[in-house]
2 protein chains.
Amino acid sequence: MLKEDSLSVTQDCGDCPIRHRAVCARCETDELERLENIKYYRRFEAGQTVIWSGDRMDFVGSVVSGIATLTQTMEDGRTQMVGLLLPSDFVGRPGRPTAAYDVVATTDMVMCCFRKAPFEDLMERTPHIAQRLLQMTLDELDAAREWMLVLGRKTAREKIASLLSIIARRDATLNLGGLDGPVTFDLPLTREAMADYLGLTLETVSRQVSALKKDGIIQLEGKRHITVPDMTLLLEEAGDDTDGGMLV
Amino acid sequence: MLKEDSLSVTQDCGDCPIRHRAVCARCETDELERLENIKYYRRFEAGQTVIWSGDRMDFVGSVVSGIATLTQTMEDGRTQMVGLLLPSDFVGRPGRPTAAYDVVATTDMVMCCFRKAPFEDLMERTPHIAQRLLQMTLDELDAAREWMLVLGRKTAREKIASLLSIIARRDATLNLGGLDGPVTFDLPLTREAMADYLGLTLETVSRQVSALKKDGIIQLEGKRHITVPDMTLLLEEAGDDTDGGMLV
DNA sequence: GATCAACTTTGATACAGATCAAGACCGGAA
DNA sequence: TTCCGGTCTTGATCTGTATCAAAGTTGATC
């Protein structure tokens, strides 16, 4: 089974993205077996906390379905989301005993977990796992840096447009591709969560979403269901370069 | 030579941090030799551009001395610094042909470079290099996420204090330790570069630096030489948790 | 020692987004 | 059906930072 170094998320084996992301055909079959042996699933409900910052964390894993957020909070309560975990994203850090961020499920979610110690052992003996994780981590780093530009230099309207673009893009590539025609998706975040991701207040988020709607850049059905008639218009609002350079 | 898996930067072999960072005693000696063979040095003057975003990049490397910045620029000129490269920091991305950011030397700088293709070959055959790079990249990712909190949720004054803390800390650990007594260092950045890092204007940076000086949190000698009489006061201004959790 | 360019500081004013406040909407429970 | 809590929208006002403008400082060069 699994004889290609595939980057895609759900082909063949629908249950466990990490197998596609972290291992490849060059790994020995019995290493795959071992990975299989230390794997287990955890199920979370919307709103449930996966782990608190500072807590002991004895597993790593990846999101199978649903969405989680990575957030940091200051003593006075100011909150910044530092990552949005969509299906296939990796969670946890080999070589560190405690969690650095709060991880919260924002929708019902399933994670595929590996006990950390055996996973680290395995990583030690299976070079391509570390190489695969390195690529994934570099991608996350690029995404984080992309987000630094959003947080530091973009206006509220541009921030909203950037966030919607990212969600639309991820949604489109995970499900039925095509960013050419109209794109439709459900917002997996509350206005407050969007605000925490964008470094804004929830009122500002609400106002800017309304403004984008009024200007015809997006269509709203209810509060969460969004249609983007023309993605290029949205990307223009986001202030991005016209190429498809955006990550996440 | 080099018989420990050392994380420190300049012991034993003063000329090339990457040897300490990316390799370790478990690697074969002849792999070390090969690493040695594909290595070369490049020297940059203050203000010189190492590479432009989008350009072909056929090397990876690390900073030996001096400081460089990683920046992103929007079409209209808005600029966000997404990384500060201090001695021992790694530059470049194995597995990607072009640079994703502008890299500019802000002081005279020396880099130790490796041609990318041979380096990737070597990485393929020497597992601990990928493992080492993974750890370094995870550290960078944490630093980027820490910075997202700064950009998204901190006030101008807190931003300045955060930046000064990071520079003071890096300076202290690279040179003569001790964050207990007063800490003295030279700012390696112009007010404009600080602004680009913090998502502010240079005028605001100037005002807030003056304010911190007036309040006795820092002392200024000339425009660039800074003394922090009491680091705990500065960290308080930065709004950080009291523990030493800050990264970079 | 004078000149010049780059960098920095300081002041006056404008504005984007925060804050405070009030309702509107919507789904679930009784 | 009504109530209720959570979520979202909208309005009025305030404020931190940007913007525009001018002058001060420093160090290099002639």
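Protein chains get the first letters and strands the later ones, always in sequence-line order, with residue 1 at the start of each. What you see is a predicted model, and the numbers here were worked out from it, not measured in a lab. What you see below is based on every heavy atom in this structure, not just the backbone, and it leaves out hydrogens, waters and symmetry mates.
Looking at B:Leu86 and B:Val63, their side chains never come closer than 4.5 Å, going by heavy atoms from C-beta outward.
Atom CD in B:Glu192 sits roughly 13 Å away from atom P in D:dA18 (whole-Å rounding). Look at NE2 on A:His225: it is 18 Å from C1' on D:dC8, rounded to the nearest Å. Distance B:Asp196 CG to D:dA18 C1': 14 Å, rounded to the nearest Å. Rounded to an integer number of Å, the gap from CZ of A:Arg191 to C1' of C:dA24 is 14 Å. Straight-line distance from the NZ atom of A:Lys154 to the P atom of D:dT17: 22 Å, rounded to whole Å. Counting to the nearest Å, the C1' atom of C:dA16 and the NZ atom of A:Lys159 are 11 Å from each other. We find that CG of A:Leu200 is positioned 14 Å from P of D:dT9, with the value rounded to whole Å. The separation between A:Glu221 atom CD and C:dC26 atom C1' is 15 Å, rounded to whole Å.
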Applying salt bridge (charged side-chain N to carboxylate O under 4.0 Å, His left out), run through B:Glu140 and B:Arg145 and close with a yes or a no. CA-CA 9 Å; B:Glu140 277 186 86; B:Arg145 286 174 166 165; over 6 Å; no

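Applying the 4.0 Å criterion to OP1 and OP2 of C:dT8, one finds that B:Ser206 has every side-chain N and O outside that range. Between A:Arg224 and D:dC8, a side-chain N or O to OP1/OP2 separation shorter than 4.0 Å is present.
In the set D:dT9, D:dC8, C:dG17, C:dG17 carries the atom at the smallest distance from any side-chain atom of A:Gln208.
A:Ser210 comes within contact range of the sugar-phosphate backbone alone, with a heavy-atom separation under 4.0 Å but no base atom that close. Residue B:Leu202 is in base contact, counting any heavy-atom pair closer than 4.0 Å across all strands shown. A:Gly47 comes within 4.0 angstrom of no nucleic acid atom, judged by non-hydrogen atoms across all strands.
For B:Thr49, there are no side-chain hydrogen bond (donor to acceptor under 3.5 Å, both in side chains) partners two or more places apart in sequence or in a different chain. When the side-chain contact (heavy atoms from CB on, under 4.5 Å) test is applied to B:Asp230, the partners found at least two apart in sequence or on another chain are B:Thr232, B:Leu233. Shown here are the salt bridge (Lys or Arg N to Asp or Glu O under 4.0 Å) partners of B:Arg93, two or more places apart in sequence or in another chain: A:Asp139, A:Asp142. For A:Ala100, the side-chain contact (heavy atoms from CB on, under 4.5 Å) partners at least two apart in sequence or on another chain are A:Arg96. Checked against salt bridge (Lys or Arg N to Asp or Glu O under 4.0 Å), B:Asp215 has the following partners two or more places apart in sequence or in another chain: B:Arg157. Looking at residues two or more places apart in sequence or on another chain, you find a side-chain hydrogen bond (donor to acceptor under 3.5 Å, both in side chains) between A:Thr184 and A:Thr227. With sequence neighbours excluded, no residue forms a salt bridge (Lys or Arg N to Asp or Glu O under 4.0 Å) with B:Glu203.
Between B:Thr201 and A:Leu220, it is A:Leu220 whose nearest contact on DNA chain D lies nearer the 5' terminus.
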Could you write nucleotides 21-27 of chain D as a row of B, S and -, 5' to 3', where a protein heavy atom under 4.0 Å of any base atom gives B, of only sugar-phosphate atoms gives S, and otherwise -? -----S-

When the side chains of residues 104-113 of chain B are checked against the rest of the protein, which donor-acceptor pairs come out under 3.5 Å, sequence neighbours left out?
from	atom 1	to	atom 2	distance (Å)
B:Thr106	OG1	B:Ile67	O	3.2
B:Thr107	OG1	B:Ile67	N	2.9
B:Asp108	OD1	B:Ala46	N	2.8

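Sorted by first and then second residue, the salt bridge (charged side-chain N to carboxylate O under 4.0 Å, His left out) pairs involving residues 76-88 of chain A (not counting sequence neighbours) are A:Asp76-A:Arg78, A:Arg78-B:Glu158.
A donor-acceptor pair shorter than 3.5 Å can be found between the side chains of B:Thr201 and B:Thr204.
Computed from C1' positions of five pairs at each end, the angle between the two local axes of the helix from C:dG1-D:dC30 to C:dA30-D:dT1 equals 30°, rounded to 10 degrees.
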Give each protein N/O atom lying under 3.5 Å from an N/O atom of nucleotides 13-16 of chain D, with the pair distance.
none

